[in-house]
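One structure is given below, encoded as structure tokens.
Only this structure's heavy atoms are used, side chains among them; waters, hydrogens and symmetry mates stay out. Just so it is clear: chains get the letters A, B, ... in the order the sequence lines come, proteins before strands, and each one is counted from 1.
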Amino acid sequence: MARYNPKDIEPKWRAAWANADVFRTRNDDPRPKYYVLEMFPYPSGRIHMGHVRNYAMGDVVARYRRAQGHAVLHPMGWDAFGMPAENAAMERGVHPRGWTYENIAAMREQLKLLGLSIDWSREFATCDPAYYGQQQAWFLKLLDRGLVYRKEATVNWDPVDMTVLANEQVIDGRGWRSGAVVEKKKLTQWFLRITDYADDLIEGLSTLDRWPDKVRTMQENWIGRSTGLRFSFDFAGTPPAGFEDGLEVYTTRPDTLFGAAFVGIAPDHPLAEQLGAANPDVAAFVAECRRGGTSEAEIEGAEKLGHDTGLRVAHPFDPDKTLPVWIANFILMDYGTGAIFGCPAHDQRDLDFARKYGLPVLPVVLPTDAHPATFMVGADAYTGPGKIFNSGFLDGQGIEQAKAAAVAKIEEMGKGKGATVYRLRDWGVSRQRYWGCPIPVIHCAKCGVTPAPADQLPVVLPDDVSFDLPGNPLLRHPTWRFTTCPTCGGEAERETDTLDTFVDSSWYFARFANPDATDPIDKAAADHWLPVDQYIGGVEHAVLHLLYARFITRALKDEGMVSVAEPFAGLFTQGMVTHETYARQTGEWVEPSQIVLTAEGAARRAVMVDTGEPLIIGDIEKMSKSKKNVVAPEEIFEQYGVDAARLFVMSDSPPERDVQWTTGGVEGAGRFVQRVWAEFDSQTDAAPAPENAMRSEELRRATHKIIKAVTESVDQFKFNSGIARLYEFLNLLKTFPATDGSVSDARNEALSVLARLISPFTPHLAEECWVRMGGEGMVVDAPWPVFDPAMATDAELLLPVQVNGKRRGEIRVAPDADEAHVREKALADEGVSVHLAGLTVRKVIVVPGRIVNIVAN
RNA sequence: GGGGACCUGGCGGAAUUGGUAGACGCAGCGGACUUAAAAUCCGUUGGGCUUCGCAGCUCGUGUGGGUUCGACUCCCACGGUCCCCACCA
């Protein structure tokens, strides 16, 4: 009996799968399709434990569906454009292309170690011209349809790196890389009209019943639909130039219009800019507002700042009343109309502002339990329910009723309209970077913006670029951008902006259907495979990537390129891999491999392995290089085997939650691998057991129960529970010695089932066990075991009996025993009758197959 | 400020979705094997109490209340932890 040695056995089976080409998927496979996809990785150079967990989970699903008789599509690719490649170029003088493809090569080898059931023949990287060229092709179709446009927008500009930063790349007002104070700058940028699909993207969420509620809620909030009223205030007196039609505002509370104390406009509002041009005080105020940061602390503590323009507007419902127009720092230009009316009594921000500048606070919503004469608004605005008062024709109405009435009145007056407004903004996709998909348009002085002609696609990135200066190398390139206009033949320039990498990842799942297609998407193939049946990835993509992909899929559908609107029918968001952190007294982080743990419980201590220096045991955090709490997958594979690593990251926590990496845990998984092997390999040890016939029956039942349990746990993404049941089953199986003739049939069945049930989790071990027990072919091709409901049911049930909710006895009954019989038996039970002495039985509740509860007093 | 999730032994977690709380693993303790250690195997492990023992009683799922024959599970309030969004009118 030999110890199972993963280092020899695992590579052997990976080679066997590769030689037999078992994971190649054919598009004409007649079996029912199942598309499993894990979010494709960024080629950073090395895989980490998070990858191991993510791809292991996907592999469980893929192998399980395969065994269930599905034609499974399980591809892999690379989200290969992006900043790190350019950073490497700047820091180390390497070329982004070479750096990226080398990383891909390294990571591909590492991922292959995992033994994933991936069809590698479909692999591509988003930086392959063959991929991004197709992206350019559909981009131009969207441009043609008006879904792509250019506009001047205020962006975060990093003056050191000379590039636009996304909002999430601005940390406390500074560029995350350069540390430079970020400037607001107006630039002409490319946008995708995602807001055209805002309603549809919200509606679609309700069809995604296999998505986590959390993600659907986050997307709904992100889109942020609100309904209200858009209307204009007429100026009292001469309107400023360009505002002859008044000043348009948006509100969700038209019911509070009578409580209006002022009208506020954003510092970026055209009116503010116009006034600023004529008045240095206004210009100075606007400049001050722009300096404000957007960090949490700054918003929390930010003071409301305002500047009275001196202009006044007329109240639409009360011609005698006029309101001052203020420029206020808390009003955002890019939401609604960039202008509001302030109702201090019923909005906290307006109230803060009114108190500071001495504006009137008139309550117009009366809480149900308050009196009109005594109700006052103090430091807190009242935003609750109530009846409208102090409001002319709205008096006495409820809030919703008053909203409708106010909207109707404004519409009747021709001053505005009920409106739906979204928090979602159009998607700015311009990046002033080299390592991205070139936006395939040409700027001609005469003809304007012209799409690159189809025969010029792909517009390929030039190789000869330099990174010795900040900014966009495409802009500095001596020749690349100079071309001729496809329309007039005159001198013209290429667009030097590249696309946000989120565009690349918004359609890759469709390309996998046929990665060699001459069109962007092979429609027949995509219609066959899409939607992705199970998509798996981190919850950090809950909004951006998953929303963009839903949008692009819709846009491509409307272009006739795919038939589905929703790309991902099922979504699972898995948790991270975490690890305890260790630090020296100086605060310097220490790697787990450098430490040794002593004692246990409260006395637990960590010390440096070589010096014995005592260390601080820190929080359990996501594995990260900066905290040095990283465990390298390859070292774990080396020490415990790939199967043990796969098993552990799925066994110790529910998949959606974080899993804490522990040495003890992976050792336990390794132990399980050994014990499974020992069970298959020990056919001749041990002595016969007594009660053979009964025990065979018992083993059979256990076997069918484990089939049911593991099948359900995989179906429901409860891998940890399924694995726990497999441990339990192995513990039971060990009590059935191998040489006992009377249990051998049952035992053989049990082993055959076990090998197949573990194969999604520990595929290499499963193959070796399958061979050892004489299985036909490879277990990867074996069908999933089918459980027999009759066999999975016990012949006799052990039913707990409670008296007044407390367990007092147990009875044995047949599963189909009728209630009267169960009742009789329960009352007759010795332990029960003791507790019934002196009491009158009032009620007996029999829950079939579960429990009996006797109510007595 | 808005939205959401979570809280169970020393630790990670399980509980057939309202029916025997603590499966399974880790760590611990006791034992076997060994000259010894590691590895492995066997036993044991929520707290308290009664008992020589078999066994039994009792408390127990963040806190307080409620619904129910019965609550980790449902409802209300409070506390704590975490995540997402955020001067979004």
(request) Determine the interatomic distance between C1' on B:rG12 and the same-named atom on B:rA23; round to the nearest Å. (result) 13 Å
(message) With rounding to the closest Å, how many angstrom separate the P atoms on B:rC82 and B:rA77?
(response) 23 Å
(request) From the options B:rU20, B:rA89, B:rG4, select the nucleotide whose nearest atom is closest to the side chain of A:I340. (result) B:rA89
(request) Find the distance between CD (A:E667) and CD (A:Q674) and round it off to the nearest 0.5 Å. (result) 12.5 Å
(message) Please give the stem ranges for RNA chain B, sorted by first residue number, where a stem is three or more consecutive Watson-Crick or G-U pairs and both donor-acceptor distances are under 3.5 Å.
(response) B:1-7 with B:79-85, B:10-12 with B:24-26, B:28-32 with B:40-44, B:46-50 with B:55-59, B:62-66 with B:74-78
(request) Show your working on side-chain contact (heavy atoms from CB on, under 4.5 Å) between A:R423 and A:W222 and close with a plain yes or no. (result) CA-CA 7 Å; A:R423 210 191 66 100; A:W222 183 269; 3.1 Å; yes
(message) Distance check, rounded to the nearest 0.5 Å: A:L754 atom CG versus A:L726 atom CG?
(response) 6.5 Å
(message) Quick check: any donor-acceptor pair below 3.5 Å linking the side-chain of A:K304 to the base of B:rC87?
(response) yes
(request) Mind checking side-chain contact (heavy atoms from CB on, under 4.5 Å) for A:A724 and listing every partner two or more places apart, or none if nothing turns up? (result) none
(request) Decide yes or no on salt bridge (Lys or Arg N to Asp or Glu O under 4.0 Å) for A:K708 and A:E712, but give the supporting numbers first. (result) CA-CA 6 Å; A:K708 185 166 190 278; A:E712 285 174 0; 3.4 Å; yes
(message) Over all strands shown, is A:R425 touching base, sugar-phosphate only, or nothing at heavy-atom distances under 4.0 angstrom?
(response) base
(request) Apply side-chain contact (heavy atoms from CB on, under 4.5 Å) to A:T662 and list each qualifying residue two or more places apart in sequence or on a separate chain. (result) A:F648, A:Q660
(message) Return whichever of A:R808 or A:K708 has its heavy-atom-nearest nucleotide of RNA chain B closer to the 5' end.
(response) A:K708
(request) Please state the P separation for the pair B:rC76 and B:rA5 - nearest whole angstrom. (result) 12 Å
(request) Under 4.0 Å between any heavy atoms, over every strand shown, what does A:L799 touch: base, sugar-phosphate, or nothing? Just pick one. (result) nothing
Measure all distances between protein nitrogen or oxygen atoms and nitrogen or oxygen atoms of nucleotides 22-25 of chain B, and list the pairs falling under 3.5 Å.
from   : atom 1 : to     : atom 2 : distance (Å)
B:rA23 : O2'    : A:E728 : OE2    : 2.7
B:rG25 : OP1    : A:N731 : ND2    : 3.4

(message) Taking ring-ring contact (aromatic ring centres under 6.0 Å, His included) as the cut-off, I'd like each qualifying pair that reaches into residues 329-352 of chain A, sequence neighbours left out, listed once.
(response) A:F330-A:F353
(request) Between B:rG62 and B:rU81, how far apart are the P atoms? Round to whole Å, please. (result) 16 Å
(message) Could you tell me how far apart A:F719 (CZ) and B:rG13 (P) are, to the nearest whole angstrom?
(response) 17 Å
(message) Any non-hydrogen side-chain atom of A:I331 less than 4.5 Å from a side-chain atom of A:I265?
(response) no
(request) Can you tell me, in whole Å, how much space there is between the P of B:rA21 and that of B:rU58? (result) 12 Å
(request) Kindly say if A:Y250 contacts the phosphate of B:rA89, meaning a side-chain N or O under 4.0 Å from OP1 or OP2. (result) no
(message) What is the distance, to the nearest angstrom, from the CG atom on A:L544 to the C1' atom on B:rC85?
(response) 12 Å
(message) If you only use heavy atoms from C-beta on, which nucleotide in B:rC87, B:rG12, B:rC42 is closest to the side chain of A:N329?
(response) B:rC87
(message) As a test of the definition: with a 90° window around 0 for syn, would you call B:rG62 syn or anti?
(response) anti
N/O to N/O distances under 3.5 Å, protein versus nucleotides 64-70 of chain B:
from   : atom 1 : to     : atom 2 : distance (Å)
B:rC69 : O2'    : A:N853 : ND2    : 3.3
B:rC69 : O2     : A:N853 : ND2    : 2.6

(request) Using only side-chain N and O atoms of A:H346, determine if any of them is under 4.0 Å from OP1 or OP2 of B:rA89. (result) no
(message) Using the P atom as the point on both nucleotides, what is the distance between B:rG47 and B:rC69, in whole Å?
(response) 34 Å
(request) Kindly write out the residues that satisfy side-chain contact (heavy atoms from CB on, under 4.5 Å) with A:T581, not counting sequence neighbours, or none if the list is empty. (result) A:W589, A:E621, A:K627, A:N629
(message) Is A:R850 close enough to B:rG18 that one of its side-chain N or O atoms is under 4.0 Å from OP1 or OP2 there?
(response) no
(message) OP1 or OP2 of B:rG13 versus the side-chain N and O atoms of A:R657: is any pair under 4.0 Å?
(response) yes
(request) Select base, sugar-phosphate, or nothing to describe what A:K718 touches, counting heavy atoms under 4.0 Å on all strands. (result) base
(request) Decide, yes or no, whether a salt bridge links A:R701 with A:E698 under the criterion of side-chain N to carboxylate O below 4.0 Å. (result) no
(message) Can you tell me if A:R3 touches the phosphate of B:rA39, counting only side-chain N or O atoms and a distance under 4.0 Å to OP1 or OP2?
(response) no
(request) Within residues 215-226 of chain A, find the residues that approach RNA chain B with a heavy atom at under 4.0 Å, and present them sorted by residue number. (result) A:T217, A:M218, A:N221, A:W222
(request) With sequence neighbours left out, write down each residue that passes salt bridge (charged side-chain N to carboxylate O under 4.0 Å, His left out) with A:K356, or none if nothing qualifies. (result) A:E303
(request) Using a 90° cut-off around 0 for syn, call B:rU16 syn or anti. (result) anti
(request) Quick one: pull up CG in A:D352 and CD in A:Q348 and give me the separation to the nearest 0.5 Å. (result) 5.0 Å
(request) Nearest-nucleotide wise, let me know which of A:T251 and A:Q716 is further upstream toward the 5' end of RNA chain B. (result) A:Q716
(message) Considering only residues two or more places apart or on different chains, which pairs with a residue in residues 331-349 of chain A satisfy salt bridge (Lys or Arg N to Asp or Glu O under 4.0 Å)?
(response) A:D334-A:R425, A:D347-A:R349
(request) Would you mind reading off the distance between A:W211 atom CH2 and B:rG4 atom C1', rounded to a whole angstrom? (result) 17 Å
(message) Less than 4.5 Å apart, side chain to side chain, heavy atoms only: is that true for A:P270 and A:M333?
(response) yes
(request) Can you tell me, in whole Å, how much space there is between the C1' of B:rG22 and that of B:rG65? (result) 26 Å
(request) Determine the interatomic distance between P on B:rA36 and the same-named atom on B:rC59; round to the nearest Å. (result) 48 Å
(request) Give every residue pair that meets the salt bridge (Lys or Arg N to Asp or Glu O under 4.0 Å) criterion with at least one member in residues 251-272 of chain A, sequence neighbours excluded. (result) A:R253-A:D255, A:D268-A:R290
(request) Identify whether any heavy atom of A:T662 sits under 4.0 Å from a base atom; if not, whether one sits that close to sugar-phosphate; answer base, sugar-phosphate or nothing. (result) nothing
(request) List for me each residue that meets side-chain contact (heavy atoms from CB on, under 4.5 Å) alongside A:T227, sequence neighbours excluded, and say none if there are none. (result) A:T420
